[in-house]
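Numbering of residues begins at 1 and proceeds along the displayed sequence. Below, all heavy atoms of this structure are taken into account, side chains as well, without hydrogens, waters or symmetry copies.
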Amino acid sequence: MTRRAGKPPPRTGGKPDRRDVGQQVEGRRAVRELLVAGTRRVHDLWLSADAENAPILDEIADLARDANVKVRRVPGIEVDRKARTETPQGVVAFAAPLRTFELDDVLAVPAAFVVAVEGVTDPQNLGAVLRSAEALGASAAVLPRHRAVGITPAVTKAAAGAIEHLPIAFVSGIPNALEQAKRAGVWCVGLDASGDTSIFDVAVADQALVLVLGAEGRGLTRLARTRCDVVASIPMQGHVESLNVSAAAAIACAAIARSRAASA
């Protein structure tokens, strides 16, 4: 039986959950994916007039024109001033807010593989987690509305376009979201260094599940941990005792994707 996670239907109407929901997109790969996905309107595109020639910049300009997006060729210093990241790579786009999804919708997807991120405050880490999740087959991500970074330009750039393809649901708190997942018949698998099961041996990896990742440094909160059905860890073979959340997320998502492929 193939266990391929589907995608929930897009949410229509309503307003974005946060101030930062991906409206400003910076970096070549992130902007390219924004235009390729075509899931939200792009209002304006700034390109550095003095950037070195690169095929991806030409592709971005062509995609923008095909989508009737206004393209501004401005000095690189103006792009840098407009940017909210240190290295926008000569391109900044301004778009409608990212569509968000209801938690019920992402949990209802057959064979759901949802990545929940609790309290990550580093935008590079969150962006990398979302990139790994999308690349390794996650059907959605769940993020808290408070005490965590939103979908800022830095997150969007680090995600390298993943947010255009990975449905995201914002919730008031991850522990409550886990309770909701359990009521929906979805397994909750926490990732923590003290977990007593190897992430490579999680028996429910091929079933509908939420993979729960904790914040930098402290890991899972006590409440989130107690609401997980399984707490797994990554077996460490070297002298380093831990990995940062983005590296751990990549390994855990790959382990789950491998288990699902083996059971297909």
With the 4.5 Å side-chain cut-off for hydrophobic clustering, are [X] and [Y] part of the same group?
{"X": "Leu34", "Y": "Ile168", "value": "no"}
{"X": "Leu47", "Y": "Val74", "value": "no"}
{"X": "Phe200", "Y": "Val204", "value": "yes"}
{"X": "Leu136", "Y": "Leu143", "value": "no"}
{"X": "Val71", "Y": "Leu35", "value": "yes"}

*Verify side-chain contact (heavy atoms from CB on, under 4.5 Å) between Asn176 and Val171, making sure each step is shown before the conclusion.*
CA-CA 8 Å; Asn176 287 341; Val171 296; over 6 Å; no
Measure the [atom1]-[atom2] distance between [X] and [Y] for me, rounded to the nearest 0.5 Å.
{"X": "Trp187", "Y": "Leu211", "atom1": "CH2", "atom2": "CG", "value": "15.0 Å"}
{"X": "Thr156", "Y": "Glu33", "atom1": "OG1", "atom2": "CD", "value": "13.0 Å"}
{"X": "Leu209", "Y": "Ile256", "atom1": "CG", "atom2": "CD1", "value": "5.0 Å"}
{"X": "Asp206", "Y": "Ser263", "atom1": "CG", "atom2": "OG", "value": "4.0 Å"}
{"X": "Arg72", "Y": "Leu45", "atom1": "CZ", "atom2": "CG", "value": "10.0 Å"}
{"X": "Asp50", "Y": "Glu78", "atom1": "CG", "atom2": "CD", "value": "10.5 Å"}

Pairwise side-chain contact, [X] with [Y], heavy-atom cut-off 4.5 Å (strictly under):
{"X": "Arg40", "Y": "Arg99", "result": "no"}
{"X": "Met236", "Y": "Leu243", "result": "yes"}
{"X": "Cys253", "Y": "Val115", "result": "yes"}
{"X": "Ile151", "Y": "Leu130", "result": "yes"}
{"X": "Arg145", "Y": "Ser172", "result": "yes"}
{"X": "Leu98", "Y": "Glu164", "result": "yes"}
{"X": "Val210", "Y": "Val142", "result": "no"}
{"X": "Cys188", "Y": "Lys182", "result": "yes"}

*Hey, are Arg32 and Glu59 close enough for a salt bridge, meaning a charged N less than 4.0 Å from a carboxylate O?*
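Counted as a salt bridge, because a side-chain N and a carboxylate O are separated by less than 4.0 Å.
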[X] and [Y]: which non-hydrogen atoms are nearest, and at how many Å?
{"X": "Val129", "Y": "Val117", "result": "CG1-CG2, 3.9 Å"}
{"X": "Pro175", "Y": "Ala224", "result": "CG-N, 4.0 Å"}
{"X": "Ile60", "Y": "Arg28", "result": "CD1-O, 3.5 Å"}
{"X": "Ala112", "Y": "Leu107", "result": "CB-O, 4.2 Å"}
{"X": "Thr152", "Y": "Pro123", "result": "OG1-CB, 4.1 Å"}
{"X": "Ala247", "Y": "Asn244", "result": "N-OD1, 2.9 Å"}

Strictly distance-based, threshold 3.5 Å: is any side-chain N or O of [X] a donor or acceptor partner for the main-chain N or O of [Y]?
{"X": "Ser139", "Y": "Phe113", "result": "yes"}
{"X": "Gln23", "Y": "Val21", "result": "yes"}
{"X": "Lys157", "Y": "Thr87", "result": "yes"}
{"X": "Glu118", "Y": "Thr221", "result": "yes"}
{"X": "Gln24", "Y": "Lys82", "result": "yes"}
{"X": "Asp44", "Y": "Phe94", "result": "no"}
{"X": "Arg29", "Y": "Ala160", "result": "no"}

*Assess whether side-chain contact (heavy atoms from CB on, under 4.5 Å) is satisfied between Asp104 and Gln180, documenting all intermediate values.*
CA-CA 8 Å; Asp104 283 338; Gln180 190 170 334; 2.5 Å; yes
*Decide yes or no on side-chain contact (heavy atoms from CB on, under 4.5 Å) for Leu213 and Val120, but give the supporting numbers first.*
CA-CA 9 Å; Leu213 306 170; Val120 169; 6.0 Å; no
_I'd like to know whether CH2 of Trp46 has more than 12 heavy-atom contacts from other residues, nucleotides or ligands below 6.0 angstrom._
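Count over threshold, so yes.
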